[in-house]
Amino acid sequence: MEENNNVTKSKNFIYELIDKDIESNRWDGKTICTRFPPEPNGYLHIGHAKSICLNYGIARDFMGRFNLRFDDTNPSKEEQEYVDSIIEDVRWLGGDFEDRVFFGSDYFEKMYGWALELIKKGKAYVDDQTADEIRQTRGTLTEPGKESPYRNRSVEENLNLFERMRNGEFANGTKTLRAKIDMTSPNINLRDPIMYRIVHEVHHRQGNKWCIYPTYDWAHGLEDSIEGITHSICTLEFENHRPLYDWFLDELGIHHPQQIEFARLNLNYTVMSKRKLLQLVKENYVDGWDDPRMPTVCGIRRRGYTPQAIQNFAEIIGVAKRDALTDIALLEYAIRDDLNKHAQRAMAVLRPLKVVITNYPDTVEELDAINNPEDTAMGSREIPFGKEILIEQTDFMENPPKGYHRLIPGGEVRLRYAYIIKCEEVIKNDKGEVVELRCTFDPETKSGSGTSTKKVKGTIHWVSAKHAVGAEVRLYDRLFTVENPGAEENWLDLINKNSLEIISSALIEPFLKNSKPGERYQFERHGYFCVDTKYTTNEKLVFNRTVTLKDGWAKK
RNA sequence: UGCCCCGUAGUGUAAUUGGCAACACGUCUGACUCUGGAUCAGGAGACUCUAGGUUCGAGCCCUAGCGGGGCAGCCA
């Protein structure tokens with residue numbers, strides 16, 4: 001990941017906080033250390049990407065360290081498949097954790113020891129109440145809770161019971177280990193929170209080694225502490241948990257990271273919750289987690305986004321504590337900005353219209369075309385040109401509106417990198433549809449020859465009929481029809497039925513025949529496209545439209 | 001009804017920590033252009049949620065209210 005010089009970086013509140021910590025030598029010279037702590041129960045999405053960029057960026061900017069740590073404390077929800085995809089996605093995004101992939105479950109033994117310590121201090125106890133009883137005695141938002149009848153067991157009894165919990169003597173749900181804090185606290189998280197529950201289930205890494213599992217609140221701070229994390233950054237919903245995070249660490253007297261909360265990313269016209277994303281996949285509203293319309297990291301990767309664009313996006317949107325709904329236009333800007341500078345240009349005709357140049361000889365001419373006007377180092381290529389070509393259907397209009405400056409009957413237009421042609425005749429079928437244009441070309445107007453003073457308003461793209469290669473092109477639109485579908489009860493009804501349009505017989509420039517899955521191009525005047533990694537075969541090229549070009553004309 | 005957090009152009013963030021509200025995107029206008037892209041130049045758009053208070057001076061501090069979000073899993 002590189003520092004982006006284009007963006008004037010104003011410090012967010014987290015950077016300022018860390019600055020102060022360093023100034024006051026709060027960490028006693030210790031290396032600044034952050035982490036990304038996903039639970040391996042789903043695929044990463046663009047919201048996680050924001051967090052990864054933030055955490056990795058801090059480590060990078062403060063000459064610190066960034067860990068990837070799986071918070072795998074719940075055996076019933078977690079799977080190896082998710083671990084693998086998460087590692088791949090974090091790497092791809094540029095979050096460089098080097099060799100530091102950690103698992104919370106690897107710290108279970110140590111956590112167990114700390115739990116014994118709290119029991120011995122009289123700060124934790126085994127509760128025999130059922131889940132139902134615990135809920136009922138927790139109180140409500142406005143009423144205090146009631147203390148458990150088991151709250152004042154002796155240390156010995158607690159030690160004995162807790163050991164037997166570990167040994168598997170009790171059934172799921174029959175006992176828990178609870179922190180002894182304050183059942184009357186206005187912060188419900190402090191009303192004797194549960195530290196361990198009994199779960200007789202196979203863990204994706206630990207197998208059958210454990211049947212008691214630590215809860216998030218108990219485990220998370222310990223994991224951070226073990227790894228020497230200095231700044232434990234999480235989302236806003238954990239704000240009320242911070243007093244508990246602090247309580248455990250203070251009682252244990254171990255390394256105590258600073259928890260900091262920030263607002264998670266929300267993007268308009270999509271959903272971001274894991275549950276909803278899962279549902280879209282499971283109920284086949286989309287074609288898997290990596291469907292290019294999905295906001296998942298694998299989805300936007302397949303769509304053609306670059307890590308650099310996502311990093312820049314993260315930089316652009318910044319970090320704050322108020323929840324927001326970010327306009328997708330900011331993301332689209334980031335990818336256009338990146339691809340404009342780096343993507344090879346090509347011509348592709350999505351909906352072809354045959355054009356015969358009646359005064360052109362029956363020969364083939366090779367024309368010189370620039371690969372990227374933004375980067376001359378990318379060189380140029382040759383494009384075959386002949387008597388018969390295909391242009392975009394929308395680049396010809398029989399009855400054009402005012403301001404239209406492409407081809408019209410009797411009008412002239414430039415063929416990019418070729419000649420200016422004039423439309424002499426329009427040929428229609430029985431149904432009155434335009435099926436062919438007869439044009440003449442002006443040999444004096446060859447691109448780059450400098451022999452013509454003729455000016456035309458429009459330049460259109462084309463491919464040679466004899467040489468063009470067929471391809472499938474997939475055009476994507478927003479997945480939902482409303483800005484914030486996640487807020488709606490009937491969000492599934494708000495899916496955009498036209499979010500995918502498959503054009504099965506587009507025609508592309510010959511050199512693209514050899515393009516490889518994952519390669520990105522700009523199809524001139526259309527947008528940026530990426531060779532699909534899923535459906536492209538040796539026989540068939542499939543392109544995904546990453547994003548359109550800005551179109552000042554279409555808006556009017 | 002309790003506790004915690006947050007309210008700044010359409011969107012996302014700034015404001016040297018109490019000193020003329022700025023940047024990016026978007027939008028509009030013009031220039032340029034063999035991509036209606038890019039680039040360049042310029043414009044519009046904000047009573048900083050409201051009402052009090054402190055102060056020479058408040059987006060920033062205090063009080064009250066209003067609005068938004070979060071919390072009553074043996075999820076994270």
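Just so we're clear, the structure is a prediction, and the values are computed from it rather than from any experiment. Quick note on labels: first sequence line is chain A, next is B, and so on, each numbered from 1.
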Q) Should B:G57 be called syn or anti, with syn set as within 90° of 0? A) anti

Q) How is A:His241 classified with respect to the nucleic acid when contacts are heavy atoms under 4.0 Å: base, sugar-phosphate, or nothing? A) base

Q) Distance between the P atoms of B:A21 and B:U16, in whole angstroms? A) 13 Å

Q | Polar side-chain contact A:Glu374-B:U39 base: donor and acceptor under 3.5 Å | A | no

Q) Contact class for A:Phe238 (heavy atom, under 4.0 Å): base, sugar-phosphate, or nothing? A) base

**Q.** Sugar-phosphate only, base, or nothing, as touched by A:Leu236 at under 4.0 Å among non-hydrogen atoms
**A.** nothing

Q: For A:Gln129, answer base if it contacts any base atom (sugar-phosphate contacts may also be present), sugar-phosphate if it contacts only those atoms, and nothing otherwise; contact means non-hydrogen atoms under 4.0 Å.
A: base

(Q) It should be established whether A:Tyr216 places a side-chain nitrogen or oxygen under 4.0 Å from OP1 or OP2 of nucleotide B:A76. (A) no

Q. Counting only side-chain N and O atoms of A:Arg138, is one of them less than 4.0 Å from OP1 or OP2 of B:G73?
A. yes

Q: Select base, sugar-phosphate, or nothing to describe what A:Leu325 touches, counting heavy atoms under 4.0 Å on all strands.
A: sugar-phosphate

Q: For A:Ile46 and B:G12, give me the distance from atom CD1 to atom P, rounded to whole Å.
A: 16 Å

Q) A:Glu332 near the nucleic acid: base, sugar-phosphate alone, or nothing, with a heavy-atom cut-off under 4.0 Å? A) nothing

Q: Using a heavy-atom cut-off of under 4.0 Å over every strand shown, decide if A:Lys20 touches base, sugar-phosphate, or nothing.
A: nothing

Q. Between B:G10 and B:G73, how far is it from one P atom to the other, in whole Å?
A. 39 Å

Q. Under 4.0 angstrom, heavy atoms only, what part of the nucleic acid is A:Gly448 near: base, sugar-phosphate, or nothing?
A. base

Q: Using side-chain hydrogen bond (donor to acceptor under 3.5 Å, both in side chains) as the criterion, point out the one residue from A:Arg178, A:Lys180, A:Arg151, A:Arg138 that pairs with A:Asp192.
A: A:Arg151

Q.
With a 4.0 Å limit, can you tell me whether A:Arg322 has a side-chain N or O closer than that to the phosphate oxygens OP1/OP2 of B:U8?
A. yes

Q.
Looking at A:Arg406 and B:G36, is any side-chain donor or acceptor paired with a base atom of the opposite kind under 3.5 Å?
A. yes

(Q) In this structure, how many angstroms lie between the C1' atom of B:C71 and the CG atom of A:Asp217, rounded? (A) 11 Å

Q: Report which part of the nucleic acid A:Pro373 touches: base, sugar-phosphate, or nothing (heavy-atom distance under 4.0 Å, all strands).
A: base

Q: Please determine if a side-chain N or O atom of A:Lys550 lies less than 4.0 Å away from the OP1 or OP2 oxygen of B:G36.
A: no

Q. With ring centroids as reference points, do A:Phe441 and A:Tyr419 lie under 6.0 angstrom apart?
A. yes

Q. Does A:Tyr305 have its ring centroid less than 6.0 Å away from the ring centroid of A:Phe313?
A. no

Q) Should we say atom NZ of A:Lys146 is surrounded by more than 12 heavy atoms from elsewhere, each under 6.0 Å from it? A) no

(Q) Without decimals, in angstroms, what is the distance between A:Glu16 CD and B:A15 C1'? (A) 11 Å

Q. In this structure, which one of A:Arg345, A:His461, A:Arg416 forms a side-chain hydrogen bond (donor to acceptor under 3.5 Å, both in side chains) with A:Glu524?
A. A:Arg416

Q: Salt-bridge test for A:Glu412 and A:Lys457: reply yes if a basic N is under 4.0 Å from a carboxylate O, no otherwise.
A: no

Q: Measure from the side chain of A:Ala329, starting at C-beta and using heavy atoms only, and say which of B:G26, B:C74, B:C3 lies closest.
A: B:G26

Q.
Categorize A:Phe523 for me: base, sugar-phosphate, or nothing, with a 4.0 angstrom heavy-atom threshold over every strand shown.
A. nothing

Q. Does A:Arg197 make a side-chain N or O approach to OP1 or OP2 of B:C75 shorter than 4.0 Å?
A. yes

Q) In the strands shown, is B:C61 matched to any nucleotide by a Watson-Crick or G-U wobble pair with both distances under 3.5 Å, and which? A) B:G53

Q | A:Arg197 charged N/C atom sitting above A:Tyr213 aromatic ring, 6.0 Å / 45° | A | no

Q. Closest to the A:Thr142 side chain: B:G2, B:A24, B:A15?
A. B:G2

**Q.** Complementary nucleotide of B:G42, counting Watson-Crick and G-U pairs under 3.5 Å
**A.** B:C28

Q.
Taking the nucleotide of RNA chain B with the nearest heavy atom to each, does A:Gly173 or A:Lys50 sit closer to the 5' end?
A. A:Lys50

Q. What's the CG-P distance between A:Leu350 and B:U35, to the nearest Å?
A. 19 Å

Q: State the syn/anti category of B:U50 according to its glycosidic angle, syn meaning within 90° of 0.
A: anti

Q | Sugar-phosphate, base or nothing in reach of A:Arg135, heavy atoms under 4.0 Å | A | sugar-phosphate

Q: Taking only the side-chain heavy atoms of A:Leu330 (C-beta and beyond), determine which of B:C74, B:G12, B:G69 contains the nearest atom.
A: B:G12

Q) Relative to the ring of A:Phe385, is the ring of A:Tyr360 parallel (under 30°), tilted (30 to 60°) or perpendicular (over 60°)? A) perpendicular

Q.
Nearest to the side chain of A:Asn74, heavy atoms from C-beta on, is which of B:C6, B:U35, B:C75?
A. B:C75

(Q) Regarding A:Glu133, tell me which of base, sugar-phosphate or nothing describes its non-hydrogen contacts under 4.0 Å with the strands shown. (A) nothing

**Q.** Six-ring centre of A:Phe103, A:Arg205 cation under 6.0 angstrom, axis tolerance 45°
**A.** yes

(Q) Between A:Thr73 and B:A76, is there a contact of a side-chain N or O with OP1 or OP2 at under 4.0 Å? (A) yes

Q.
Once you apply a heavy-atom cut-off of 4.0 Å, does A:Val199 come out as touching a base, just sugar-phosphate, or nothing?
A. nothing

Q) Closer to the 5' end of RNA chain B via nearest nucleotide, is it A:Leu415 or A:Asp132? A) A:Leu415

Q: May I ask whether A:His405 stacks on the base of B:G36, given the cut-offs of 5.5 Å between ring centres and 30° between planes?
A: yes

Q: Classify the nucleic acid contact of A:Thr140 as base, sugar-phosphate or nothing, counting any heavy atom under 4.0 Å across all strands shown.
A: base

Q.
Distance check needed: B:G26 P versus A:Asp327 CG, whole Å only.
A. 10 Å

Q) Paired with B:G67 by Watson-Crick or G-U wobble geometry, both distances under 3.5 Å: which nucleotide is it? A) B:C6

Q: In whole angstrom, give the distance that lies between atom CG of A:Asn187 and atom P of B:C5.
A: 11 Å

Q | Euclidean distance, atom CG of residue A:Asn340 to atom C1' of B:U33 [Å, nearest integer] | A | 14 Å

